[in-house]
Participant: 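Submitted below is the structure of interest, expressed as structure tokens.
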2 protein chains.
Amino acid sequence: MRHIAARTLVVKKGEPVDHSTLLLRGFLSRYVDDRRGQRQFVALHVPGDLVDLHAFPMKRLDHDVAALSDAEVAILPHAAIEAITREDSELTRKLWFATLLDAAIHREWIFRLGRLDATGRVCQLFAETGARLQAVGLGSETHFVLPMTQAELGEACALTSVHVSRVLKTLRDSGICTFRDGEVCVYNPEALTQRGQFDPTYLYLDHAHAHTDGATRRRLALARR
Amino acid sequence: MRHIAARTLVVKKGEPVDHSTLLLRGFLSRYVDDRRGQRQFVALHVPGDLVDLHAFPMKRLDHDVAALSDAEVAILPHAAIEAITREDSELTRKLWFATLLDAAIHREWIFRLGRLDATGRVCQLFAETGARLQAVGLGSETHFVLPMTQAELGEACALTSVHVSRVLKTLRDSGICTFRDGEVCVYNPEALTQRGQFDPTYLYLDHAHAHTDGATRRRLALARR
DNA sequence: CGAAGTATTGACCCATTTCAAAGCATGTGG
DNA sequence: CCACATGCTTTGAAATGGGTCAATACTTCG
């Protein structure tokens, strides 16, 4: 177990790593820098996510990982994962699946940046994050926590903070949702998913949680208090 | 083994699949459609790629797969992969790695769309594809095949075909590279990677080919004739 | 109380899109 | 062998979404 302070680096690009992390509480981000030091977020992580399991087969990361909020993580030594892969092919496949879910979300982000306008991008990010948080029992369809600044939203959606501010204003004025102090309130979920062309099948929720039984769900919910 | 005609669909989004494909010859693309039927490419595949290995743990795809050119693929039944995962954890990890390479390239694409201007996007795509082709012994630093139209380049880089045409003109005029009839000629590789902020460490070439011995390389080269 | 980080708003600018027309291959049927 | 359609590329002119620059306000915190 390890505690991580908000806005600190968790893993640095390129350095060899011998463990992966499971996020228990808080939010992490993954991003790459361009030549002028501008960041582009490539992933956002919510509690329950295996943040850098891909470091197990790859042994280094091609991006940085940082905490958006204070966070609690569990450390998984690669030696332990290695043992799992030797002994339990069923569980190995589930770990593999977890890393592929990540890739599916990457594809959604490519689509977001490639085909949606500014408002659509913000809507899709909100819709996706809301759905992921609901899937792990945090937040509801109408309200969830997202500890980011407008500038960070811009780094995720490839927009300037100025324009994010304008987009949020139009979303507010049109009664779709609000974003204040790191909290999203959704007043019109239908319009949000519509405007963001959000398709939850990307998240493979049926498959991802097919093997989570009721007892485990309750245990997870308790652990998050 | 299976032959696929240019511009035909190989796998359709959402349908359950019981096999994955290894691309032996030709080029495939993966893309998602937006509501108005516009395509956004999320991946481009060159010979040697395991195109949809992620379908093994996921059992369906969240995107379409189509052939850019005539292509030759090998079919890998999931039952066979399943057997590998039970019997050979070493090889399983290599398969896992192959799907993660895909995710690393996805991240590069997110960066491309988020932080590069039109010219930079095209340069990065050319640099990346050139590097991947070279890694499997196809093409050189100064010349390789890329069977796409300008409109398809636009679908990969999130640009209109009109603007792709203009970008190619500036690249031609500045002596960096040319693109004609599905072939890229690079006259200034340094400028190409610079303009596209291309960083080959994304491709993990050291790691990906660490276990390919000389005999195997020669066999692969022969198989491609 | 001042400082630093964050959000808002306005005016102007520019990269890319949109719309439109024309050129150039390639192929097909009469 | 010509007439014509089709698909791809090029070029120009006008429109626009989002960026840039700049000023102001609102927090929070020492």
Participant: If you look only at distance, which donor and acceptor atoms sit under 3.5 Å apart when one is on a side chain in residues 180-188 of chain B and the other is two or more places apart or in another chain?
Facilitator:
unit_1  : atom_1 : unit_2  : atom_2 : d
E183(B) : OE1    : H143(B) : NE2    : 2.8
N188(B) : OD1    : A191(B) : N      : 3.0

Participant: First and last nucleotide of DNA chain C in contact with chain B, 5' to 3', at under 4.0 Å to a heavy atom: what are they?
Facilitator: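 With heavy atoms of chain B under 4.0 Å away, the range is dT16(C) to dC19(C).
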Participant: In degrees rounded to 10°, what angle is found between the helical axes fit to the five outermost pairs at each end of the helix from dC1(C)-dG30(D) to dG30(C)-dC1(D)?
Facilitator: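 Here the local axes at opposite ends form an angle of 30°.
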Participant: In terms of the nearest nucleotide of DNA chain C, which residue is placed more toward the 5' end: A151(A) or R121(B)?
Facilitator: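 Closest to the 5' end, via its nearest nucleotide, is A151(A).
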Participant: Counting only heavy atoms not in R36(A) (residues, nucleotides, ligands), do more than 12 fall under 6.0 Å from its CZ?
Facilitator: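 No, the 6.0 Å shell around CZ holds no more than 12 heavy atoms from other groups.
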Participant: Distance-only, no hydrogens or angles: does the K59(A) side chain make a donor-acceptor pair with backbone N or O of F56(A) under 3.5 Å?
Facilitator: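 Yes; judged by distance alone, with no hydrogens or angles, the pair exists.
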Participant: To the nearest Å, how far apart are K169(A) NZ and dA25(D) P?
Facilitator: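 That distance rounds to 17 Å.
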Participant: Verify whether one side chain among E128(A) and W109(A) offers a donor that lies under 3.5 Å from an acceptor in the other.
Facilitator: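 There is such a pair (donor and acceptor under 3.5 Å, judged by atom type) between the side chains of E128(A) and W109(A).
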Participant: Please report, rounded to the nearest Å, how far the P atom of dT10(D) is from the CG atom of L153(B).
Facilitator: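 The distance from CG of L153(B) to P of dT10(D) comes to 11 Å, rounded to the nearest Å.
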Participant: Does a side-chain N or O from Q150(B) land closer than 4.0 Å to OP1 or OP2 of dG7(D), or not?
Facilitator: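 Checking dG7(D) against Q150(B), no side-chain N or O comes under 4.0 Å of OP1 or OP2.
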Participant: Round to the nearest Å and state the distance from D117(B) atom CG to dG18(D) atom P.
Facilitator: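 Interatomic distance, CG of D117(B) to P of dG18(D): 17 Å.
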Participant: Check DNA chain D against residues 174-186 of chain B and give the residues with a non-hydrogen atom under 4.0 Å, in numerical order.
Facilitator: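 Hits under 4.0 Å, by residue number: none.
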Participant: Excluding sequence neighbours, so at least two apart, what forms ring pair (Phe, Tyr, Trp, His ring centres under 6.0 Å) with F97(B)?
Facilitator: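 Expected list: H207(B).
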Participant: Taking only residues two or more places apart in sequence or in another chain, which ones pass salt bridge (charged side-chain N to carboxylate O under 4.0 Å, His left out) with R121(A)?
Facilitator: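 Counting only residues at least two positions away or on another chain, R121(A) forms no salt bridge (charged side-chain N to carboxylate O under 4.0 Å, His left out).
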Participant: Please name all residues satisfying side-chain contact (heavy atoms from CB on, under 4.5 Å) with P77(B), sequence neighbours left out, ordered by chain then number.
Facilitator: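 A80(B).
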Participant: My understanding is that only residues two or more places apart in sequence, or in another chain, count here; which of them pass ring pair (Phe, Tyr, Trp, His ring centres under 6.0 Å) with H54(B)?
Facilitator: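 Ring pair (Phe, Tyr, Trp, His ring centres under 6.0 Å) list for H54(B), sorted by chain: H63(B).
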Participant: I'd like to check the salt bridge (charged side-chain N to carboxylate O under 4.0 Å, His left out) partners of E152(B); sequence neighbours left out, ordered by chain and number.
Facilitator: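 Once residues adjacent in sequence are excluded, the partners of E152(B) under the salt bridge (charged side-chain N to carboxylate O under 4.0 Å, His left out) criterion are R7(B).
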Participant: Which residues in residues 160-167 of chain B have a heavy atom closer than 4.0 Å to any atom of DNA chain D?
Facilitator: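 Here the set is V162(B), S165(B), R166(B).
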Participant: With sequence neighbours left out, write down each residue that passes ring pair (Phe, Tyr, Trp, His ring centres under 6.0 Å) with F126(B), or none if nothing qualifies.
Facilitator: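 Result, ring pair (Phe, Tyr, Trp, His ring centres under 6.0 Å) vs F126(B): F179(B).
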Participant: Distance-only criterion, 3.5 Å: show the donor-acceptor pairs between side-chain atoms of residues 156-165 of chain B and protein atoms not counting sequence neighbours.
Facilitator:
unit_1  : atom_1 : unit_2  : atom_2 : d
T160(B) : OG1    : H163(B) : N      : 3.2

Participant: Need one value for L168(A): base, sugar-phosphate or nothing, where a base atom within 4.0 Å counts as base even if backbone is also close, heavy atoms only.
Facilitator: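 The answer is nothing, as L168(A) stays clear of every strand by at least 4.0 Å.
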Participant: Is it the case that the side chain of S29(B) and the backbone of L68(B) share a donor-acceptor pair, with hydrogens and angles ignored and the cut-off at 3.5 Å?
Facilitator: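 No, S29(B) side chain to L68(B) backbone: no donor-acceptor pair under 3.5 Å.
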Participant: Can we say E108(A) and R112(A) salt-bridge, meaning some charged N sits less than 4.0 Å from an Asp/Glu carboxylate O?
Facilitator: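 Salt bridge absent between E108(A) and R112(A).
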